[in-house]
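Here is the structure we will look at, set down as structure tokens.
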Amino acid sequence: MALTIYNTLAREKQLFTPIDPKNVRMYVCGPTVYDYAHIGNARPVIVFDVLFRLLRHIYGEEHVTYVRNITDVEDKIIARAVERKVSIRDLTEGTAKIYQEDALALGCLAPTLEPRVTETMPEIVAMIERLVANNHAYVAEGHVLFHVPSDPDYGKLSRRSLDEMIAGARVEVAPYKKNPQDFILWKPSDENQPGWNSPWGWGRPGWHIECSAMGEKHLGEAFDIHGGGIDLQFPHHENEIAQSEGAHHGKPLANYWMHNGFLQVEGEKMSKSLGNFITIRELLAEKKFGGQQWHGKVLKLAMLSTHYRQPIDWTVDRLVQARSMLLDWSRVLHGAPQSDDLHNELLGALRDDLNTPGALAVLHGLWKGSHLSINDLRSLKRALNFLGVYEDEKQVDFAVGYEVLDVSKIENLIAERNAARKAKNFAEADRIRDELSTMKIAIEDGPSGTTWKVVS
RNA sequence: GGCCACGUGGCGGAGUGGUUACGCAGAGGUCUGCAAAACCUCGUACCCCGGUUCAAUUCCGGGCGUGGCCUCCA
């Protein structure tokens, strides 16, 4: 069965054919590490994790290379380090560590490689030198700039013409630019800014060149998939293409470009000024969203309930729904066996441009079937495990941050209630059930005794 | 202002030129001391206006709305 991917370059779904099935290569733009990642940043992490898992399944774990960079040189980093009176290295390493922990908590595998800009400086300088030699870049007042008119294909990803960009431009153009669209490859640093020696003096790279250099270094001149948020399509990815293809004599940088849609929070743009800015860490560990904490896999499942290219509205209600599913599933699946094979319909949905809502429909079918069929139950567990939304957690694990979760107290109350029931004191039995209910505990009287579960 | 994306039943959310997506919530039923769980049944949705078509939610055009990029913010 084939894998199809919506390719932003072509604006259509295409059959995925890797350059080398023995080494399928994917590059995803990672974070600029100056602050905690927010929930909008989590979307590409989650989406491309699922793609990574799918590719590994199709081509074999050893045959997929996933690179997600860490940008640790950037003007926001410099500003933040000054503001906090910490060294740049402490800031970037500390932030990168938090990012990796967040990604792990979200049920995402570590990428094969997580290169840093600071470790790629020779390659960046070399690539800029090549661009200058190829007449795609020029030096002006200590800066090196990419000369956009030197690239006849410029704009092919975002489908913008140079005329449109000039017409729409509202920015003040730096005087040393030959053309308003020209962008910086290298810029001078002063003694208070991080810098590296280069043929153009002490300086640092501009935004965009680092991804071109890291992609080339770790995946070669051309690779299969390049991913990121739709907001990066222009100018970042457009410029990446211009740089890499300019340095590689026009060889296409990536065959498939994938972009995840934007995220809103409760129907509004997430912004600090609106006060709805929410970090992954706050969702996991604080009670800032809906007044409660959320398990990372609840966040992942909630994210996957919308197709990756659609806009997503991040709401408390959506998290409650995702948590309900995991509470239901884990109650039955904890400790249960799982099948070896991935369910075919699930794979079919995922192979269709990562149709995760379609995959969820398959999971619901398996859940329904699991009440009768051990095979469906095993398949469900395997499928959830594959997606990284369930790894044999207990039900209570998903109830993070619940105020009252005292197991012995719960069990004592259940024992009291059963005594009352035996004595036909149903009023007392119901009172105890109500008490448990306020603790978000529901009980079920079954043929083999009374069981309890956590509810949303 | 320019370019682009999206608009599906109470909510979430796939998909399709004519046939039930699916989930949550809700209604009824079986079961139960009563519940819950489980199972069965139920909603006839596709922003507005034109056009193409035997037939459009699905294609085309226009409008409205929301959002993105163009500008530091993902």
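Lettering of chains follows the sequences in order, A, B, ..., and the numbering in each one begins at 1. Note: hydrogens, waters and symmetry copies are ignored here, and every other heavy atom, side chains too, is used.
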Between [atom2] on [N] and [atom1] on [X], what's the gap in Å once rounded to a whole number?
| X | N | atom1 | atom2 | value |
| --- | --- | --- | --- | --- |
| Asn260(A) | G68(B) | CG | P | 14 Å |
| Leu232(A) | C73(B) | CG | C1' | 12 Å |
| Tyr154(A) | C3(B) | OH | P | 18 Å |
| Leu346(A) | G23(B) | CG | P | 16 Å |
| Asp35(A) | C73(B) | CG | P | 13 Å |
| Ile78(A) | C72(B) | CD1 | C1' | 14 Å |
| Ile77(A) | C72(B) | CD1 | P | 16 Å |
| Gln264(A) | G67(B) | CD | P | 6 Å |

Using the [atom1] atom as the point on both nucleotides, what is the distance between [M] and [N], in whole Å?
| N | M | atom1 | result |
| --- | --- | --- | --- |
| C6(B) | U58(B) | P | 13 Å |
| A45(B) | A21(B) | P | 10 Å |
| C48(B) | A14(B) | C1' | 24 Å |
| G65(B) | C31(B) | C1' | 49 Å |
| C22(B) | G68(B) | P | 34 Å |
| U57(B) | U19(B) | P | 10 Å |
| C59(B) | A5(B) | P | 13 Å |
| A27(B) | G9(B) | C1' | 16 Å |

- request: Take Trp207(A) and Ser158(A), find for each the nucleotide of RNA chain B with the closest heavy atom, and name the residue whose nucleotide sits nearer the 5' end.
  value: Ser158(A)
task: By nearest nucleotide on RNA chain B, pick out whichever of Ala361(A) and Tyr34(A) is the more 5' one.
output: Ala361(A)
- request: May I ask you to check whether over 12 heavy atoms, not counting those of Glu345(A), lie within 6.0 Å of atom CD?
  value: no
task: May I ask you to check whether over 12 heavy atoms, not counting those of Tyr36(A), lie within 6.0 Å of atom OH?
output: no
Going by the rule ring pair (Phe, Tyr, Trp, His ring centres under 6.0 Å), which residues pair with [X] if we only count those two or more places apart in sequence or in a different chain?
| X | value |
| --- | --- |
| His307(A) | none |
| Phe52(A) | Tyr66(A) |
| Phe426(A) | none |

Classify [X] by what it touches in the nucleic acid, base, sugar-phosphate, or nothing, heavy-atom distance under 4.0 Å.
| X | answer |
| --- | --- |
| Leu372(A) | nothing |
| Pro235(A) | sugar-phosphate |
| Lys424(A) | nothing |

- prompt: Is any side-chain heavy atom of Glu245(A) less than 4.5 Å from a side-chain heavy atom of Pro252(A)?
  reply: yes
Determine which nucleotide pairs with [N], using a 3.5 Å limit on both distances of a Watson-Crick or G-U wobble pair.
| N | result |
| --- | --- |
| U66(B) | A5(B) |
| G50(B) | C60(B) |
| G33(B) | none |
| A25(B) | none |

task: Look at the aromatic rings of Trp329(A) and Trp367(A) and report parallel, tilted or perpendicular, splitting at 30° and 60°.
output: perpendicular
task: Using a 4.0 Å heavy-atom cut-off, write out nucleotides 8-15 of chain B from 5' to 3' as B (base contacted by protein), S (sugar-phosphate only) or - (no contact).
output: ---BSSSS
message: OP1 or OP2 of G68(B) versus the side-chain N and O atoms of Lys269(A): is any pair under 4.0 Å?
response: yes
task: Name all pairs fulfilling the salt bridge (charged side-chain N to carboxylate O under 4.0 Å, His left out) condition that reach into residues 300-326 of chain A, sequence neighbours left out, sorted by first residue then second.
output: Asp49(A)-Lys300(A), Arg309(A)-Asp353(A)
- prompt: What pairs with Glu393(A) under side chain to side chain contact (heavy atoms under 4.5 Å, CB included), at least two apart in sequence or on another chain?
  reply: His295(A), Lys297(A), Tyr390(A), Glu391(A), Asp397(A), Phe398(A)
Could you list the donor-acceptor pairs under 3.5 angstrom formed between side-chain atoms of residues 142-149 of chain A and any protein atom two or more places apart in sequence or on another chain?
residue: His143(A); atom: ND1; partner: Glu141(A); partner atom: O; Å: 2.9
residue: His143(A); atom: NE2; partner: Tyr176(A); partner atom: OH; Å: 3.3
residue: His147(A); atom: ND1; partner: Asp182(A); partner atom: OD2; Å: 3.1

Sequence neighbours excluded, every pair satisfying side-chain hydrogen bond (donor to acceptor under 3.5 Å, both in side chains) that has a member inside residues 70-81 of chain A: Asp35(A)-Arg80(A), Asn69(A)-Thr71(A), Asp72(A)-Thr118(A), Asp75(A)-Lys187(A), Asp75(A)-Arg204(A)
Give every pair of a protein N or O atom and an N or O atom of nucleotides 30-38 of chain B that lie under 3.5 Å apart, one pair per line with the distance.
residue: G33(B); atom: O6; partner: Arg417(A); partner atom: NH2; Å: 3.4
residue: G33(B); atom: N1; partner: Asp430(A); partner atom: OD1; Å: 3.0
residue: G33(B); atom: N2; partner: Asp430(A); partner atom: OD1; Å: 3.4
residue: G33(B); atom: N2; partner: Asp430(A); partner atom: OD2; Å: 2.8
residue: C34(B); atom: O2; partner: Arg433(A); partner atom: NH1; Å: 3.4
residue: C34(B); atom: O2; partner: Arg433(A); partner atom: NH2; Å: 2.4
residue: C34(B); atom: N3; partner: Arg433(A); partner atom: NH1; Å: 3.0
residue: C34(B); atom: N4; partner: Asp445(A); partner atom: OD2; Å: 3.2
residue: A35(B); atom: N6; partner: Asp445(A); partner atom: O; Å: 3.2
residue: A35(B); atom: N1; partner: Asp445(A); partner atom: N; Å: 3.0
residue: A35(B); atom: N3; partner: Arg433(A); partner atom: NH1; Å: 3.2
residue: A37(B); atom: O4'; partner: Glu444(A); partner atom: OE2; Å: 3.4

